[in-house]
**Student:** 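This is the structure I want to talk about, given as structure tokens.
Source: prediction; values computed, not measured. Naming: A, B, ... by sequence-line order, numbering from 1 per chain.
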Amino acid sequence: AQTVTQSQPEMSVQEAETVTLSCTYDTSESDYYLFWYKQPPSRQMILVIRQEAYKQQNATENRFSVNFQKAAKSFSLKISDSQLGDAAMYFCAYTNAGKSTFGDGTTLTVKP
Amino acid sequence: NAGVMQNPRHLVRRRGQEARLRCSPMKGHSHVYWYRQLPEEGLKFMVYLQKENIIDESGMPKERFSAEFPKEGPSILRIQQVVRGDSAAYFCASSPRDIQAGTEAFFGQGTRLTVV
């Protein structure tokens, strides 16, 4: 069974600085997809960024980028120029065969 | 194009009652996924449905839980004889095709079930 581990239950960052959230996963599959979702207090799940396992190039979306290390099964999220609105719970998700496995999340606090 | 709609947003049930959670996928989406989120935890997969078919129910408890996605109308997650341990947020997501193909699954805002 696939597992996803987020080893940082809580992280904090100063506004305008950079923070990296870690995620590791375990799978025997070679083709899969990885996602980072943001869940603010409203509980809405918002897609932040996604990565196809067959692509070596790291995905980037504005201030958000990933460091995808397939051999190490690592998928970290870097948030640059952190903003107050980035404060939320962040979930890493592994997707294959029609279903996603989520980590337990990292709560990000942004200090003004 | 409206997003994934879940209702009700909040549902309170007494132990032993039935809970019905509804999910209307985005227009044009024929794949629906249900997840459960316990406090301080991530989302746990429950079931994956296409129209009139259950594709994968490996995450569904064997008893009291059932799901359907009829040809017409919303997908329904039904919990019979609820117990306190069923209290959680239940999320529905939809996609236009199998998310194995890399398509984003769009999430609803969830239904928070409280069993008293």
Side-chain angles (χ1 to χ4, degrees), chain A residues 1-10 21-25 27 29-55 57 59 61 64 68 75 77 88-107, chain B residues 2-6 8-11 23 26 29-50 53-60 67 69 88-114:
Chain A
Q2 288 80 20
T3 57
V4 176
T5 302
Q6 293 181 247
S7 59
Q8 306 152 316
E10 298 178 351
L21 309 183
S22 66
C23 172
T24 58
Y25 58 95
T27 184
E29 302 290 335
S30 58
D31 290 329
Y32 49 87
Y33 300 84
L34 298 164
F35 298 84
W36 278 98
Y37 287 93
K38 171 185 177 181
Q39 187 180 44
S42 67
R43 291 208 327 269
Q44 178 71 46
M45 293 292 285
I46 302 166
L47 177 68
V48 174
I49 199 166
R50 68 177 176 190
Q51 175 81 43
E52 291 90 339
Y54 64 86
K55 288 188 178 179
Q57 186 174 6
E61 287 288 341
F64 300 87
F68 173 47
F75 182 60
L77 174 69
M89 188 87 140
Y90 286 81
F91 291 98
C92 176
Y94 164 99
T95 298
N96 178 261
K99 66 186 180 187
S100 294
T101 302
F102 287 79
D104 283 340
T106 296
T107 300
Chain B
V4 178
M5 303 300 292
Q6 289 188 250
R9 290 290 308 279
H10 302 273
L11 181 61
C23 169
M26 289 181 68
H29 287 194
S30 58
H31 298 248
V32 166
Y33 314 84
W34 285 94
Y35 292 84
R36 176 165 63 177
Q37 185 179 30
L38 297 172
E40 309 302 323
E41 292 187 12
L43 281 68
K44 302 290 190 242
F45 170 79
M46 299 183 75
V47 63
Y48 164 32
L49 310 105
Q50 292 182 28
N53 288 304
I54 296 175
I55 307 302
D56 183 346
E57 57 181 347
S58 58
M60 287 278 273
F69 188 17
Y90 292 82
F91 285 90
C92 168
S94 74
S95 68
R97 57 184 182 273
D98 187 342
I99 57 176
Q100 181 181 10
T103 303
E104 174 190 354
F106 294 83
F107 281 84
Q109 290 193 295
T111 293
R112 180 173 291 278
L113 172 65
T114 302

**Student:** Please list, chain by chain and in numerical order, all residues satisfying side chain to side chain donor-acceptor pair (under 3.5 Å) with A:Q39, sequence neighbours excluded.
**Tutor:**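 Testing A:Q39 for side chain to side chain donor-acceptor pair (under 3.5 Å), a comparison that skips the adjacent residues, returns B:Q37.
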
**Student:** What heavy-atom pair brings A:K99 and B:S58 nearest, and what distance separates the two atoms?
**Tutor:**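 Smallest heavy-atom distance, with atoms named: NZ-OG, 2.9 Å.
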
**Student:** Distance-only, no hydrogens or angles: does the B:Y35 side chain make a donor-acceptor pair with backbone N or O of A:S100 under 3.5 Å?
**Tutor:**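 Yes; judged by distance alone, with no hydrogens or angles, the pair exists.
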
**Student:** Please round to the nearest 0.5 Å and tell me the distance separating atom CG of A:L47 and atom CZ of B:F106.
**Tutor:**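 Here the interatomic distance stands at 8.0 Å.
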
**Student:** Specify which of A:M89, A:M45, A:Q6 makes the most heavy-atom pairs with chain B at under 4.5 Å.
**Tutor:**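 It is A:M45.
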
**Student:** Determine whether a donor-acceptor pair (N or O, by modelled atom type, separation under 3.5 Å) exists between the side chain of A:Q44 and the backbone of B:G110.
**Tutor:**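 Such a contact is absent between A:Q44 side chain and B:G110 backbone.
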
**Student:** Please look at B:L43 and chain A and tell me whether the side chain, the backbone, both or neither of the residue comes under 4.5 angstrom of a heavy atom of that chain.
**Tutor:**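 Both backbone and side chain.
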
